[in-house]
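The structure appears right after this line, and notes come after that.
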Number of protein chains: 2
Amino acid sequence: MTQQGARSCAAQALPAARPRAQVPDATVARLPVYLRALRALADDGRTTVSSAALAAAAGVASAQLRRDLSHLGSYGTRGVGYEVQELVLHISRELGLGRRWPVVLVGVGNLGLALAGYAGFDERGFTIDALLDVDETRIGQHVGDQVVRHVDELEDVVRSFGVCIGVIATPGTAAQDVCDRMVGAGVRSILNFAPVVLRVPPQVDVRKVDLSNELQILSFREHRKTGLHLVDGSGADGPPAGTVPA
Amino acid sequence: MTQQGARSCAAQALPAARPRAQVPDATVARLPVYLRALRALADDGRTTVSSAALAAAAGVASAQLRRDLSHLGSYGTRGVGYEVQELVLHISRELGLGRRWPVVLVGVGNLGLALAGYAGFDERGFTIDALLDVDETRIGQHVGDQVVRHVDELEDVVRSFGVCIGVIATPGTAAQDVCDRMVGAGVRSILNFAPVVLRVPPQVDVRKVDLSNELQILSFREHRKTGLHLVDGSGADGPPAGTVPA
DNA sequence: CCGACTTTGTGCATCTGTGCACAAGCGCGT
DNA sequence: ACGCGCTTGTGCACAGATGCACAAAGTCGG
């Protein structure tokens, strides 16, 4: 998860049996990676691809790829592989792409500007349809083909677009407030870049991306690698008497 | 994992028994969240905190929090809870913070600028010590207290800083190239924002953050929620018959 | 000093995710 | 027409993660 993401609607009630026909979360998290690899293959003119080749391109094991794809049906041909275009279509449909997803972005700081200009969104059908902020100096600014508006227009914007995705790129202090207003306006999917844990009702999905967290995880691994020679594999783990440098 | 991250040094060789004294990956991914919650509690003047309260602030179950903390030793007091400052210290040490981690950032586009200006890094000891790019028009630009330099200086920069973390914020086409040069210069931890799967030797850790992937995962869930009435959960789990407004 | 209350740390059961290995199925060459 | 080789799809076993429930261990009031 991630890692690295938040689940808010899982394991709430119903501990009893369930038909269990859903696509597992871990598989869903990999589908966009497969999709990107498939697009690259298509651009290279490939029409079919084996699970081994696609798995290598996506950085996973071939057995895992096959099981993932089996969760959305049997679209491969034994002895041949998968047809690239067909697979692109099926994965896109499963992910709910192939339609336009309006995105409402709140917080037009450095990160918000980067997100607004990110080319990877439009390619997948995500169009940033509103840029909101509280800072008077930013309101009215042109970013791409959009104009920054005041966050008070949030409710109107959401209502006019219907189902949409909210992106929070504000400082941490404002995030919960913005989140509450989004939820109140009917947003059920939120991507949060602010470094806070958002409280939302169970029917709302939140995914969190925390840049600092990612670096800290890398720091941990580097720390472990560097200090590895202190650990001896003898039997029990003697406390390594770590020298605290700082 | 998140999720959503890439593991490159796990399950490579040694299928046999292992002392297994390491902190699980899933726990490591949550430690930064605990750390942030603890800092917030400390700022509020709290000196001790129970697992239930800290778990609520971090958005996890209390049993999970206790097990996570138990992996780094028993630092709690039964009947009381955990001492906030002490726990901050122990988690920081476990994560390898408390020292300065030089960060080398390649790719000074919108996203790179946002990362360079992100306040959350310095607070944890991550200092962006070099900004590199290939674009001549960007080289020489001042960003914060740094000057953008040519990516050809990468090797010199890494050598002068020693152990450091590389951040790739280039377009996808340049990412593998930059990655290879980082690895060649001795970087063993890389945070990748480019939408490609990087090929690295096994001793190098890569974590990937893909903004488009996150939106696609949200799209899937929204799609599943919206299309739920098509699935017949014959036995249990009656869908709440959510009114589809749009 | 003692008993009641609070909270941690963990054994256990469950569930999810991963990888091996192989049978089933398909195309192709002969 | 038929067998051969290649690839998918999946049964199975295992490793990892999660949550429940409770004993151990501490504090606090009397």
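In this text the structure is predicted, and so the values were computed from the model without any measurement. Note on naming: letters A, B, ... go to the chains in the order of the sequence lines (proteins, then strands), and numbering restarts at 1 for each one.
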d([atom1], [X]; [atom2], [N]) in whole Å:
X     : N      : atom1 : atom2 : result
B:D68 : C:dT10 : CG    : C1'   : 13 Å
B:Q64 : D:dG16 : CD    : C1'   : 12 Å
A:Y75 : D:dT10 : OH    : C1'   : 17 Å
A:D25 : D:dT18 : CG    : C1'   : 14 Å
B:Q22 : D:dA15 : CD    : P     : 16 Å
A:L69 : C:dT18 : CG    : C1'   : 15 Å
B:H71 : C:dT8  : NE2   : C1'   : 15 Å
B:R66 : D:dT18 : CZ    : P     : 15 Å

Close side-chain approach of [X] and [Y], heavy atoms under 4.5 Å:
X      : Y      : answer
A:L211 : A:L215 : no
A:R36  : B:S212 : yes
B:E94  : B:H90  : no
A:F220 : B:L97  : no
A:Y82  : A:R66  : yes
B:L218 : B:E214 : no
B:I91  : B:L69  : yes

Next on the checklist: Any donor-acceptor pair, under 3.5 Å, between the side chain of B:R67 and the base of C:dG11, if you only look at N and O atoms?
Outcome noted: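 Checked by distance alone, the answer is yes.
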Checklist entry - Does A:Y82 put a side-chain nitrogen or oxygen below 4.0 Å from OP1 or OP2 of C:dC26? => result no
Checklist outcome for this item: Considering only heavy side-chain atoms of A:A63, the closest of C:dT18, D:dT18, C:dC20 is C:dC20
Next on the checklist: At a heavy-atom distance below 4.0 Å, what parts of residues 32-58 of chain A sit against DNA chain D?
Outcome noted: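 The stretch gives A:S50, A:S51 as the residues lying under 4.0 Å from the strand, ordered by number.
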Checklist entry - Considering residues at least two apart in sequence or located in another chain, which fulfil the side-chain contact (heavy atoms from CB on, under 4.5 Å) criterion with A:A114? => result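 Once residues adjacent in sequence are excluded, the partners of A:A114 under the side-chain contact (heavy atoms from CB on, under 4.5 Å) criterion are B:N110, B:L111, B:A114.
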Item to check | Any donor-acceptor N or O pair under 3.5 Å, side chains B:D68, B:Q64 | outcome: no
Just the atom pairs and distances: protein N or O near nucleotides 26-29 of chain D's N or O, under 3.5 Å.
none

